[in-house]
J.: 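Before I ask anything, here is the structure I am working with.
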Amino acid sequence: MSEAGSDGPDGPDGTADPADGMADVADETADAATGPANAAGGPADAQQGRLADVRSRLAPLVSTWPRRVGVGIVALVAFLGILYLTGVLGAPSAGLEDRGDWGNVTDERTEIVTTIWVNNPNPVGVSLGERLTAEYDIYMNDVRVATGSKTGISVPPGESTTQLRTDLLNEQLPAWWVAFVRANETIDLDVNGTVTVDAIRPFRHPVGANQTILEDRRPVIGALSAAANGTNGTYARSVDTGRLGDSLTDGTDLGGGGDGSVTVGYEVERGWATWGPVTEEETTALIHLQVHNPGDVPVPAAPDGVDVTIDTNDVRLFEAGTEAMSVRRLGPDAVIQPGETRTVTVAVTMQNERVDEWFTSHVRADRGPGVEATAVSAGFQIRFELPGIGETFRLPADSPFTYDCKFGTAILVDDQDTETTCGEGVRPAGDGVTGATDVATKSTR
């Protein structure tokens with residue numbers, strides 16, 4: 001049998017042809033298996049010789065396997081490349097399906113869910129593991145308030161969507177508030193992302209959206225403006241001339257009316273508010289009052305106290321009293337002469353420590369008038385002391401003027417109404433507004 005296995009034809013180069021070698025190996029293997037039965041008791045060296053002959057014939061075939069495997073891999077890659085170039089196979093494309101929705105929102109965390117679409121033009125699905133990655137950031141007024149990524153995305157044939165989930169960076173909200181106030185309460189929203197596919201032909205596909213919200217609408221400072229404007233009216237009293245000190249009369253004999261009295265007081269013609277300096281810790285509001293003196297004697301121009309509040313969805317966003325007040329461009333002894341009108345500007349500094357609490361309430365449906373909606377209530381009262389006669393004028397007289405309004409945004413809510421009812425010239429109907437207006441236009445004694 002060993003002679004029959006060694007008589008096969010050789011290849012053109014004199015070496016054993018691999019195909020014939022496989023046949024010979026099969027024959028020899030069979031001979032090795034049946035040899036003991038056909039030649040029982042034969043010499044041991046005959047069997048060893050046949051095994052050595054089998055090993056010698058396997059060696060040339062085994063030595064060619066790496067080359068054959070390598071050639072096969074190259075051929076497969078080349079075949080896939082041809083399919084890709086001819087359009088049979090293609091790289092997935094991607095885009096932004098939904099810039100985001102508010103997910104699970106609690107007092108502790110605010111979840112954002114962003115959806116991207118991926119189109120796979122291939123007839124089979126793709127599961128690229130770490131090779132398909134989606135990354136994205138959400139910016140408001142150039143402050144990054146959310147960031148996230150997702151890897152290992154499986155893509156079925158055709159178009160599909162995948163959701164990316166992340167939490168709002170609450171620690172970034174004070175920085176955003178600074179930018180928001182400096183931008184006149186305009187929100188510039190940018191959603192930027194990249195889908196990366198590391199395939200035969202790697203590609204990076206940018207996705208994104210941008211939007212401008214509340215452009216120059218100023219709902220927060222507008223509410224405070226309306227509250228300041230709610231002090232308009234005349235606040236005057238008749239005072240016996242005998243009570244007037246030299247600080248008010250400048251030593252001049254006023255004579256007074258037939259009953260020996262004169263009129264003392266203030267008339268607020270208009271009030272409004274603007275933003276002053278703002279940092280991540282503090283925000284300063286400037287409250288301006290155009291004040292006329294309707295009386296017979298000079299009155300102090302610098303106020304002695306103020307009460308300012310701004311509530312947003314029942315969150316006391318700002319609160320400031322006399323200790324946080326400073327008077328701009330007026331000395332302590334400045335006066336408003338009878339018939340004179342002066343602009344009195346008061347700076348009020350408030351802490352920003354509850355901005356994140358307000359924003360959480362703004363995006364929760366159960367905390368305000370809706371998702372991404374805020375009900376604003378602004379209160380304002382100012383106080384003037386007339387030490388010469390021992391009188392105090394509070395404007396309005398009984399309690400702070402309260403102004404209520406609301407505004408909405410469309411940061412992540414689709415088709416949201418972004419109108420605002422807040423503003424200096426807007427007076428929403430309400431018992432608080434009507435009552436405060438009546439007080440403001442009433443002369444008191």
Side-chain angles (χ1 to χ4, degrees), residues 92 94-119 127 129-130 132-156 159-177 179-180 186-196 205-214 219 312-315 317 352-375 406-418:
L96 190 65
E97 177 78 12
D98 188 339
R99 65 181 180 270
D101 292 299
W102 301 109
N104 184 28
V105 180
T106 67
D107 291 337
E108 290 73 33
R109 66 184 291 256
T110 303
E111 184 184 46
I112 298 175
V113 182
T114 301
T115 305
I116 63 171
W117 60 262
V118 180
N119 183 35
S127 181
E130 299 297 323
L132 181 56
T133 303
E135 300 174 326
Y136 68 100
D137 299 297
I138 298 178
Y139 289 83
M140 293 196 306
N141 299 87
D142 295 325
V143 176
R144 186 171 65 179
V145 296
T147 183
S149 64
K150 186 174 183 179
T151 60
I153 302 174
S154 296
V155 183
E159 189 165 302
S160 61
T161 60
T162 187
Q163 290 185 335
L164 315 175
R165 295 176 177 270
T166 190
D167 285 350
L168 186 77
L169 303 175
N170 278 14
E171 65 273 15
Q172 290 290 82
L173 289 176
W176 166 74
W177 172 262
F180 173 67
T186 298
I187 300 175
D188 290 318
L189 175 69
D190 287 290
V191 180
N192 302 312
T194 302
V195 177
T196 303
H205 191 89
V207 297
N210 57 76
Q211 184 178 5
T212 300
I213 306 167
L214 292 176
T312 51
N313 290 341
D314 295 326
V315 175
L317 187 61
N352 298 343
E353 57 191 15
R354 304 192 74 180
V355 168
D356 58 342
E357 185 178 349
W358 157 66
F359 193 86
T360 299
S361 75
H362 180 70
V363 302
R364 288 181 62 171
D366 61 341
R367 292 291 299 274
V371 180
E372 283 198 46
T374 291
K406 64 180 181 179
F407 69 93
T409 60
I411 300 170
L412 297 182
V413 177
D414 299 328
D415 303 321
Q416 172 85 323
D417 183 6
T418 60

J.: Take L168 and F359 through the test side-chain contact (heavy atoms from CB on, under 4.5 Å) and record every step on the way to the result.
T.: CA-CA 11 Å; L168 186 77; F359 193 86; 3.8 Å; yes
J.: Between T409 and E372, does a side chain to side chain donor-acceptor pair (under 3.5 Å) hold up when you go through it step by step?
T.: CA-CA 6 Å; T409 60; E372 283 198 46; 2.6 Å; yes
J.: Taking T110 as the fixed residue, which of V145, V363, D167 is the one that meets the side chain to side chain contact (heavy atoms under 4.5 Å, CB included) rule?
T.: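 It is V363, the one option of V145, V363, D167 that forms the side chain to side chain contact (heavy atoms under 4.5 Å, CB included) with T110.
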J.: Provide the closest heavy-atom pair for T360 versus N170 in the form atom of the first, atom of the second, distance.
T.: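 Shortest heavy-atom separation between T360 and N170 comes out as OG1-ND2, 4.4 Å.
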J.: Grab the two heavy atoms, one from A375 and one from P369, that are nearest each other, plus how far apart they are.
T.: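 The answer is N-CD, 3.7 Å.
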J.: How long is the span from the CZ atom in R364 to the OG1 atom in T106, to the nearest 0.5 Å?
T.: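 Answer rounded to 0.5 Å: 7.0 Å.
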J.: Hey, is CG on N104 packed in by over 12 heavy atoms from elsewhere, all under 6.0 Å?
T.: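 Correct, the count exceeds 12.
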J.: Quick check: do L214 and T186 have side-chain heavy atoms less than 4.5 Å from each other?
T.: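 Sidechains of T186 and L214: no contact.
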J.: Please check if the side chain of N210 supplies one atom and the backbone of L189 the other of a donor-acceptor pair under 3.5 Å.
T.: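 Such a contact is absent between N210 side chain and L189 backbone.
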J.: Taking salt bridge (charged side-chain N to carboxylate O under 4.0 Å, His left out) as the definition, give me every residue that meets it alongside R367, ordered by chain and number, with sequence neighbours left out.
T.: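 Only D107 meet the salt bridge (charged side-chain N to carboxylate O under 4.0 Å, His left out) criterion with R367.
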J.: Side chains of D356 and W177: does their closest heavy-atom pair fall under 4.5 Å?
T.: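 A side-chain contact under 4.5 Å is absent here.
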J.: Work out which heavy atom in G368 is nearest to a heavy atom in N313; give both atom names and the distance.
T.: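 Nearest heavy atoms, G368 then N313: CA-OD1, 3.5 Å.
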J.: Got a second to check how far N141's CG is from T212's OG1, nearest 0.5 Å?
T.: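 Rounded to the nearest 0.5 Å, the CG-OG1 separation comes to 9.0 Å.
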J.: Calculate, to the nearest 0.5 Å, the distance between atoms CG and OG1 belonging to D314 and T374 respectively.
T.: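 One gets 11.0 Å once the value is rounded to the nearest 0.5 Å.
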J.: With a 3.5 Å distance limit and no angle check, can you tell me whether E135 reaches the backbone of T196 through a side-chain donor-acceptor pair?
T.: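 No: the side chain of E135 does not pair with the backbone of T196.
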J.: What distance do K406 atom NZ and T312 atom OG1 have between them, rounded to the nearest 0.5 Å?
T.: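 Rounded to the nearest 0.5 Å, the NZ-OG1 separation comes to 15.5 Å.
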J.: Looking only at heavy atoms, which two atoms of R144 and L169 are closest? And how far apart?
T.: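 For R144 versus L169, the nearest heavy atoms are O-CD1, 3.9 Å.
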J.: Is there a side-chain contact between I116 and E97 (heavy atoms, below 4.5 Å)?
T.: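 Side chain of I116 against side chain of E97, heavy atoms only: no contact under 4.5 Å found.
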J.: Would you say the side chain of H362 lies within less than 4.5 Å of the side chain of F407, judging by non-hydrogen atoms?
T.: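 Sidechains of H362 and F407: in contact.
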J.: Please say which of D414, L412, V191, T114 ends up in a side chain to side chain contact (heavy atoms under 4.5 Å, CB included) with D98.
T.: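 Passing option: D414.
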J.: Is the side chain of D190 donor-acceptor paired with the backbone N or O of D142 at a distance under 3.5 Å, no angle test?
T.: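 Pair absent, no side-chain N/O of D190 close to backbone of D142.
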J.: Apply side-chain contact (heavy atoms from CB on, under 4.5 Å) to residues W102 and V413 and explain how you reach the verdict.
T.: CA-CA 8 Å; W102 301 109; V413 177; 4.0 Å; yes
J.: Please answer whether the main-chain N or O of P206 pairs with a side-chain N or O of N192 as donor and acceptor at a distance below 3.5 Å.
T.: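 Looks like no, no N/O pair under 3.5 Å.
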J.: If I take atom CD from residue Q163 and atom CD1 from residue I112, how far apart are they, to the nearest 0.5 angstrom?
T.: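 Q163 CD to I112 CD1: 13.5 Å, rounded to 0.5 Å.
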J.: May I ask you to test the V207-Y136 pair for a side-chain heavy-atom distance under 4.5 Å?
T.: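 A side-chain contact under 4.5 Å is absent here.
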J.: If you look at every heavy atom in H205 and G95, which pair is closest and at what distance?
T.: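 Nearest heavy atoms, H205 then G95: CD2-N, 4.3 Å.
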